[in-house]
Amino acid sequence: MAAVARHRPAARSVKSSSSVSTHNPPPPKQTQQSVSLAKRLLFPQLPAGTDLPPLLASSSAPPELNAELYDFIALALRAFVNPWWTKITRYDKEFVVEVNRILTVVIRTLEERLVNTDLSPLIFRDIPALVTQHYKDYRNAAAKVSTSYAIGGAASLPQLFHQLQPHMAITAEGQIHEDYVRQAVDHILKTCLPSEEYEPETERYMVREIILKVLLGSVAPKVTQPWFVYKLILDQLGPPKSDDRKLILFCQPSGTPPSRPFFSLHSLTFQSLVVFFLSAVQSISTLGLTLINAYKQTVHTIKLVNESSSRSASSTPPVKPTPEQSDSDSNDPARISGNMKRNPSPAPSSGTGHIVTPSSPEGTSNYLDGPLEMVAELLSMHDRFASATVMGIVEMVCAAFTPFLDKFLPYMLYKHALSAAQITKIVGIAKNTLFPNGYPAPPPVDPTPEEQVVIRENLGKRILEKIPSAASPLFGPTPAARLETVNALLDPLSSAACNKHLFLFILDLILLTIFPEMGVSNGSLGLDAYSSAPDGSDRNQSAVGIGLRPDLGRTLSITPPGSATSR
């Protein structure tokens, strides 16, 4: 017994040592697993415990945004560069690092331009104008189908729409020419990269093709599909609301008598009067506190908007051209230098080469006119008397507050929509969408026609559910009329070929906003002249096949695809 007792501690010690060795992995393996893909692929020479260098030059950029951007770049390089580069050589790891260095220079230059560019005209004026014109042209083209205007009914809807919105980078069937986007990306690299970095063709071509592959191979085919647009809107609207009343009636036992009203001849007692009085006092006090809080929040917001506007006006003085620039720009007012900043308030005139609305009075921006006109066109509000009257009243009220709204809308844009947290969320969503499992997602499989019809029907029902009961007469006097209004809202998004036109025009508009030196003047044709002819007969046909809409006054200076000078 003594011998057995002497051996027991040894057995316990062996068991404990074996359990420790089994459950605790060795430190080198744990360190190897903690290294991220961006560090292993983009910065293989950094020590294991060292943080990645900041990708964005701005000190206000959060570390989460840098991490998301690094992950996106690493996944893109692993998906589009490593598969063929490892076939050439399996030992050269510096090529991917060099491509990442070039991308870093481009991203920092883009960051500087975005910081020095006012995006308010793009969001509140130019993009709503494009969406409004897209709906007008689609409805005009749909009205001409199977008529003599459609070559005796032989022309399809995409062909008729292409005649109203001609673009040299897209065919009537909706096929985007890669050479157009390739040259646009090459212009961006030439502007962003130093001359010594732009001259080597190999790395520049690789970066250009990576961007082209992501843009035209993954983004454009997905976001232009009608079912994808419907599904995206359906997800943003949230789940359908449940009928709580039906649920309560369903859960109530069959033998339970219905509850009596709070006040009746039998229940009107002193206690019920006290409870009712106290409930009324509580409701009144709650309403008063809500109004006081809303008043304080409104005053605080107005103060912040005015302070933000005054700081923007003092920090961005108007740019005065030098005599050399004035002489060189006298013959071509659309060309400007790449380092000029956009003046957010007031809106720059058309002579500076920026995208503006010629009909806007000098000194005002009228940022709310574009969204209101877009909403009126989307919902066909001018076709009904009640909705047209309400829209006219809303426009008059907004016109009275135009100076404040021109400050309030940009403030809300940069405070919420373009905040660092929102941009980080958008980058994360794009990364998870394009690389769901760490690799590019397979091409989107189009749902069957039956499934597409179900998606659209569910979206129409959800939109009707979201309409408040007080505003439902504005969509039509009867449920059938409201359903017709919702169908008219969704019809212009039902063609992938037409959606690609809108995608390409918005892409051109974004490029011209960030890189105004890429634009060329397209004449003094304005929005009023463009939209005056519903059938498009008075439009500037000399702009056929050019990047941006002629109504916005400027186009991309890009060689037509297939010409002798285009690559």
Side-chain angles (χ1 to χ4, degrees), residues 76 80 106 126-127 130-131 133-134 137-138 141 155-192 198 201 204-226 228-229 355 434 440 443-444 446 493 495-520 522 536 539-552 554-567:
F80 302 118
V106 173
D126 300 336
I127 291 182
L130 288 180
V131 175
Q133 198 62 47
H134 174 83
D137 291 341
Y138 182 91
S156 61
L157 176 62
Q159 293 174 349
L160 294 173
F161 184 83
H162 183 73
Q163 294 176 5
L164 297 176
Q165 292 193 5
H167 197 293
M168 72 176 180
I170 190 171
T171 62
E173 293 75 18
Q175 184 68 28
I176 300 178
H177 296 293
E178 292 185 356
D179 292 339
Y180 180 87
V181 184
R182 183 176 288 109
Q183 290 191 52
V185 175
D186 194 76
H187 278 292
I188 296 174
L189 294 178
K190 185 176 181 180
T191 305
C192 296
Y198 180 79
E201 296 182 352
R204 185 176 82 243
Y205 288 171
M206 293 302 101
V207 174
R208 185 185 67 187
E209 294 302 320
I210 291 172
I211 299 175
L212 187 70
K213 190 71 174 179
V214 173
L215 187 62
L216 296 184
S218 300
V219 177
K222 180 173 292 186
V223 300
T224 56
Q225 290 294 328
F228 182 82
V229 178
I355 304 173
L434 298 177
D446 293 346
L493 302 176
S495 174
C498 300
N499 293 340
K500 288 184 179 180
H501 283 75
L502 180 61
F503 172 81
L504 202 57
F505 281 126
I506 292 179
L507 178 63
D508 290 345
L509 186 60
I510 294 174
L511 292 180
L512 284 180
T513 303
I514 303 176
F515 302 94
E517 66 273 10
M518 293 176 59
V520 294
N522 210 32
R539 298 179 184 178
N540 186 6
Q541 295 300 326
S542 64
V544 171
I546 301 182
L548 191 61
R549 305 291 298 278
D551 56 305
L552 295 177
R554 307 194 61 217
T555 60
L556 284 180
S557 176
I558 293 181
T559 308
S563 61
T565 57
S566 64
R567 291 193 176 186

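Nearest heavy atoms, A184 versus M518: O-CE, 4.2 Å. Residues P226 and S495 come closest through the heavy atom pair CG-N, 3.9 Å. A pairwise comparison of heavy atoms in A141 and F161 identifies CB-N, 3.8 Å as the closest pair. Across all non-hydrogen atoms, the minimal contact from F503 to A220 is CE2-CB, 3.7 Å. Between P158 and A172, the closest heavy-atom pair is CB-O, 3.4 Å. Heavy atoms only, all atoms of each residue included: H134 and Q165 are closest at CA-NE2, 3.7 Å.
In this structure, CG in L164 is found 7.5 Å from CG in L160, a value given to the nearest 0.5 Å. The line from CG of L509 to CD1 of I514 is 10.0 Å long, rounded to the nearest 0.5 Å. With rounding to the nearest 0.5 angstrom, the CD atom of Q225 is 12.5 Å from the CG atom of L493. The CG atom of L212 sits 13.5 Å away from atom OH of Y205, with the distance rounded to the nearest 0.5 Å. For the atom pair CG of L130 and CD1 of I506, the computed distance is 6.0 Å after rounding to the nearest 0.5 Å. Atoms CG and OG1, from L502 and T224 in turn, are 10.0 Å apart once rounded to the nearest 0.5 Å.
Residues satisfying the salt bridge (charged side-chain N to carboxylate O under 4.0 Å, His left out) test with E173, not counting sequence neighbours, are none. Under the side-chain contact (heavy atoms from CB on, under 4.5 Å) criterion, I170 pairs with H162, H167, I176, K500, H501, L504, sequence neighbours left out. Taking D186 as the reference, Y198, R204 meet the side chain to side chain donor-acceptor pair (under 3.5 Å) condition, with sequence neighbours excluded.
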| request: Check the pair H177 / R182 against side chain to side chain contact (heavy atoms under 4.5 Å, CB included), numbers first and verdict last. | output: CA-CA 9 Å; H177 296 293; R182 183 176 288 109; over 6 Å; no
| Between V185 and L215, does a side chain to side chain contact (heavy atoms under 4.5 Å, CB included) hold up when you go through it step by step? | CA-CA 10 Å; V185 175; L215 187 62; 5.5 Å; no
